[in-house]
Amino acid sequence: MPSFSEILSKPSVFADRNVLSPHYVPEALPFRENEIRRIMEGVSPALKKERPRNIFIYGKTGTGKTASVKHVMAQFERHAGPGSYCYINCRMYNSRYRVIQKIVKELLPSLDSMGFGLAMLYERMVQEISSKSIFLIVVLDEVDMVKDLDDLLYTLTRSNDELKSGGISIIGITNKLTFKEQLDSRSRSSLCENEFVFHPYTASQLQAILSQRARLGFKPGTADDSAINLAAALTAQESGDARYALKLLLKAGEIADEKAIRRITDREVEEARRSVDRDIAFEAISALPDHHQLVLLGIANLFIDKSKNTRLASSEEEDFFITSGEAYEAYARVCRRYRKPRRSSRWYREYLNDLEMLGLITTVESGAGMRGRTRLIRLGYSAAEVKRIVEKGFSIIEQKG
DNA sequence: CCTCCACAGGAAGCGCAGGAGT
DNA sequence: ACTCCTGCGCTTCCTGTGGAGG
């Protein structure tokens, strides 16, 4: 009979798993001291009853943007009092209406703001800020997700003109570099009064972060230095995303526990990378709309066929490419198999662009040696893996007819 | 050189769902 | 509750582009 005490007493390399989880917020944020200082300087006027300039923060995923801002705002609240700032994740609050509603709800928790019109909510917000003379900081995380962002920014900046006292400042956070150009010029100049860039962590910075977390998360002597260095190096050459590095470490620990060994070595990190990459691919692919997946499956099928046919002739693996036209035909075949009406080739090209954006495929313009102008497609992940994931998702649909 | 191939990607327009305004 | 409007996903049509072939 299994028992909890038996399971819990199983030997493990972990001392505190939570430290390695992506939700863990460390006390100190190493290598972000300058950024944190500058953000603090940016918002500090609010403590002197002046309106801070808006701040715009750009940086790739896993560079510590959100953690740094949250860190600063926690300190800020200690000086300015509760209700002095408002953190909004725009993935959930993705329109002007929802953002304003959220702000009002933060300002007036007792008020049930559901069902009010935008004008009403806006009035309450202005009234509340004005009467209490608050210098409110609104943090808009993933600000690029807001549909009518120009309207939102206009509304918020205009409110400053209507306020008799107090003010609203915005901290916008995004990881999309192209995002700034999508704003109209007025919104841009108001949001980007003060602009910070968070650069990806370097290999040695990642190494320091990882070994600090490893000290807290693993039992002493269980994680090899070289394994930690490897995780840092693998991450640095890919993206510099600290969350990815931590995932590697966590997974490596889990693998060690599974094998019932007491040490994490390079081998476990290598295995962890394969596993984490598979997870990432799975998440990315299965979240995709149907026809994106079907296009991907078409491409994967072509790759598998091609490698079968050429294996005898040439041993040159991995140097295959597929033309856009071939892939469209393959996609059309896949559509017939699943009894889905196929999209037009024009729209198929948009799908290709989306897939490339997500890193699931890479494409190159055809150069010399090729007739016509086309794109040469290569898969980002192994064809068999992609085929498995997509077909798994579609097998349910197929059974239904 | 011109023409054709095999596409890329812009422009216009259409039907639909959901949100805003009344 | 009603219409009106807007954004979105998509098709159709079209022009542009870089090299192959004659």
Side-chain angles (χ1 to χ4, degrees), chain A residues 88 90-105 112-126 142-156 158-159 176 178-179 181-184 187 284-299 301-303 306 320-336 338-379 390 393-394 397:
Chain A
I88 298 172
C90 299
R91 192 181 286 276
M92 292 201 266
Y93 302 91
N94 60 356
S95 70
R96 171 171 66 165
Y97 184 82
R98 287 180 188 172
V99 168
I100 304 275
Q101 186 180 334
K102 171 78 173 164
I103 294 172
V104 172
K105 203 153 195 161
D112 185 16
S113 58
M114 299 298 279
F116 287 115
L118 179 66
M120 178 68 175
L121 289 172
Y122 178 79
E123 284 305 317
R124 294 302 295 256
M125 180 181 81
V126 169
E142 302 192 70
V143 65
D144 50 292
M145 301 295 283
V146 179
K147 302 272 91 179
D148 49 356
L149 186 59
D150 286 320
D151 292 337
L152 173 64
L153 293 176
Y154 176 72
T155 305
L156 289 178
R158 191 192 53 165
S159 69
K176 280 174 73 182
T178 53
F179 157 77
E181 279 76 56
Q182 289 165 20
L183 290 171
D184 77 37
S187 309
I285 291 171
S286 50
L288 247 34
D290 287 0
H291 283 273
H292 286 79
Q293 294 195 38
L294 293 172
V295 169
L296 210 51
L297 179 56
I299 294 170
N301 283 339
L302 263 187
F303 268 99
K306 265 206 169 174
F320 298 131
F321 47 78
I322 279 166
T323 65
S324 176
E326 285 177 305
Y328 184 64
E329 286 166 25
Y331 157 72
R333 280 197 294 276
V334 170
C335 283
R336 272 213 306 282
Y338 289 105
R339 312 225 172 115
K340 293 255 182 190
R342 64 173 175 180
R343 298 280 110 93
S344 69
S345 65
R346 178 67 189 88
W347 203 245
Y348 150 81
R349 266 169 246 138
E350 295 295 326
Y351 289 159
L352 279 188
N353 290 337
D354 293 344
L355 293 174
E356 183 170 28
M357 218 63 110
L358 293 168
L360 293 166
I361 59 171
T362 52
T363 71
V364 197
E365 290 267 299
S366 68
M370 183 98 352
R371 196 168 159 73
R373 180 182 174 225
T374 183
R375 280 155 92 188
L376 308 177
I377 303 167
R378 238 188 296 248
L379 264 176
V390 177
F394 272 87
I397 299 164

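Convention: sequence-line order gives letters A, B, ...; per-chain numbering from 1.
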A:Tyr351 and A:Arg343 have their tightest heavy-atom pair at OH-CG, 3.6 Å
Distance, rounded to the nearest Å, where [X] contributes [atom1] and [N] contributes [atom2]:
X	N	atom1	atom2	value
A:Leu376	C:dG18	CG	P	15 Å
A:Arg371	C:dT17	CZ	C1'	15 Å
A:Tyr97	C:dG7	OH	P	19 Å

With heavy atoms of chain A within less than 4.0 Å as the criterion, where does contact along DNA chain B begin and end? B:dC5 to B:dA20
Using the ring of each side chain (for Trp, its six-membered ring), is A:Tyr331 parallel, tilted or perpendicular to A:Tyr348, with breaks at 30° and 60°? parallel
Students often get this wrong, so: under 4.0 angstrom with heavy atoms, is A:Arg98 touching a base, only sugar-phosphate, or nothing? nothing
For A:Arg375, salt bridge (Lys or Arg N to Asp or Glu O under 4.0 Å) partners two or more places apart: A:Glu356
Checking A:Arg342 now: which residues fulfil salt bridge (Lys or Arg N to Asp or Glu O under 4.0 Å) with it, not counting sequence neighbours? none
All side-chain contact (heavy atoms from CB on, under 4.5 Å) counterparts of A:Arg346, not counting sequence neighbours: A:Ser344, A:Arg349, A:Glu350
Residues which pass side-chain contact (heavy atoms from CB on, under 4.5 Å) with A:Thr362, listed by chain and number, not counting sequence neighbours: A:Arg378
Is A:Arg346 close enough to C:dC13 that one of its side-chain N or O atoms is under 4.0 Å from OP1 or OP2 there? no
When the rotation axes relating C1' atoms of four end pairs to the next four are compared across the helix from B:dC1-C:dG22 to B:dT22-C:dA1, five pairs an end, they differ to 10° by 20°
Taking the minimum atom-to-atom distance to the side chain of A:Arg373, which one of C:dT11, C:dG16, C:dC10 wins? C:dG16
